[in-house]
Structure formats: C-alpha cells, structure tokens
Amino acid sequence: MIFVFGSNKSGIHGAGAAKHAHKNLGAVWGVGEGLTGECYALPTKGKNIEFIPLTEVREAIDRFLQVATHTDEDYQVTQVGCGLGGFTSEQIAPFFRDAPDNCLFDEAWREFLGDDKRYWGTF
C-alpha cells in the first residue's frame, strides 16, 4: 500500500500527513512529487510553502493518476490539499472521480466520490 499525501514542491515534510509519511513511511526530505519511500508525494503547495493555484494541484493529481493507472500497487489517498493546502474537499475530491480501482480514499470523501470507490478510513 502506497500512502499518498499532500506535499510542497520543496519536499519539506514538516507537518500533517507529510510529517507522518517522512517519520514513518520513508518519504525522503527534498522529494516534493512522486514516489518516495512507501509513499507518493502530491504537491499542493509551492517551493516556498506558498499556496498554488488549483489548476497546478489538478495537474499534479493527473500525473499521480497516470502513475496509479499503470501499477498494481494500491494507493491510500489522504485528503490531499485540504487543511494545510488551503483547499476544500469540494474542490479537490472531484479530481479523483476517474481514479482507478487501486486508489482507496479517505472516508470523508465518500460524499463527493460516491459508493463506487474504495475507502480506507480517515487520517
């Protein structure tokens, strides 16, 4: 299972799910996007930890979905971009509507993604 967390483009994993990924799952400091340790860093903030446009987050999600589509791994997707990223579930969750079946989502997103998706709990 690959843990998918919201990151910043500098790969400074100092808080929230990113800190958990770094401390417990091998996410490498300095890797702001892509596979790292037992994780996938999905950037939802910029290099200087600044907020980035929703369009940039959408592009990062699309890149992640391409990776997930072409592997046999399961991906435990947290509420990326919500909380420290400054976005709402209503803004982010719909970008995952076409995610492959190997993506499992935070239970909080069920109302946005429906019962056809798989869920793992909450972080």
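Here the structure is a predicted model, which means the values were calculated and not measured. In this chain, residues are counted from 1 in sequence order.
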Side-chain donor-acceptor contacts of residues 22-30 below 3.5 Å, not counting sequence neighbours, with atom names and distances?
from : atom 1 : to  : atom 2 : distance (Å)
H22  : ND1    : A27 : O      : 2.8
N24  : ND2    : H20 : O      : 3.3
N24  : ND2    : H20 : ND1    : 3.0

Is a donor on one side and an acceptor on the other found under 3.5 Å between the side chain of T44 and the backbone of G85? no

On a heavy-atom basis, the closest approach of P43 and A41 is CD-O, 3.7 Å

CD1 of I49 to OG of S10, rounded to nearest 0.5 Å, is 5.0 Å

List, by chain and then residue number, the residues other than L84 in its hydrophobic cluster (Ile/Leu/Val/Met/Phe/Trp/Tyr, side-chain heavy atoms under 4.5 Å); write none if there are no others. none

Can you list everything that forms a salt bridge (charged side-chain N to carboxylate O under 4.0 Å, His left out) with D115? Sequence neighbours excluded, please. R110

Partner set under side chain to side chain contact (heavy atoms under 4.5 Å, CB included) for T88, not counting sequence neighbours: E90, Q91

Which salt bridge (charged side-chain N to carboxylate O under 4.0 Å, His left out) pairs, counting each pair once, include a residue from residues 47-61, with sequence neighbours left out? K9-E56, R58-D62

NE2 (H13) and NZ (K19) are apart, to the nearest 0.5 Å, by 13.5 Å

Does the side chain of C39 reach to within under 4.5 Å of the side chain of F5, using non-hydrogen atoms? yes

Euclidean distance, I61 CD1 relative to L54 CG, rounded to 0.5 Å: 7.5 Å

Would a single hydrophobic cluster contain both V57 and V4, if residues Ile, Leu, Val, Met, Phe, Trp and Tyr are joined by side-chain heavy-atom contacts under 4.5 Å? yes

State which residues pass side chain to side chain donor-acceptor pair (under 3.5 Å) with W109; sequence neighbours excluded, sorted by chain then number. S89

Cluster overlap V80 with L35, hydrophobic side-chain contacts below 4.5 Å: yes

Applying side chain to side chain contact (heavy atoms under 4.5 Å, CB included), can you list everything that pairs with A108, at least two apart in sequence or on another chain? Q79, D106

Hydrophobic cluster identity match, F105 and F123, side-chain contacts under 4.5 Å: no

Aromatic centroids of F87 and F51 separated by under 6.0 Å: no

With Y40 via ring pair (Phe, Tyr, Trp, His ring centres under 6.0 Å) - residues at least two apart: F64

Check S7 against V31 and note the closest heavy-atom contact, atom names and distance. OG-O, 4.2 Å

Applying salt bridge (charged side-chain N to carboxylate O under 4.0 Å, His left out) to E33 and not counting sequence neighbours gives R63

Side chain K117, main chain R97, donor-acceptor under 3.5 Å: yes

Drop me the distance from R118's CZ to D101's CG, to the nearest 0.5 angstrom. 7.0 Å

By side chain to side chain contact (heavy atoms under 4.5 Å, CB included) - contacts of N102 (at least two apart): A68, T71, D74, Y75, P100

Is the shortest side-chain heavy-atom distance between L65 and F95 below 4.5 Å? no

Please report the shortest heavy-atom distance between Y119 and G114, naming the atom on each side. OH-O, 2.5 Å

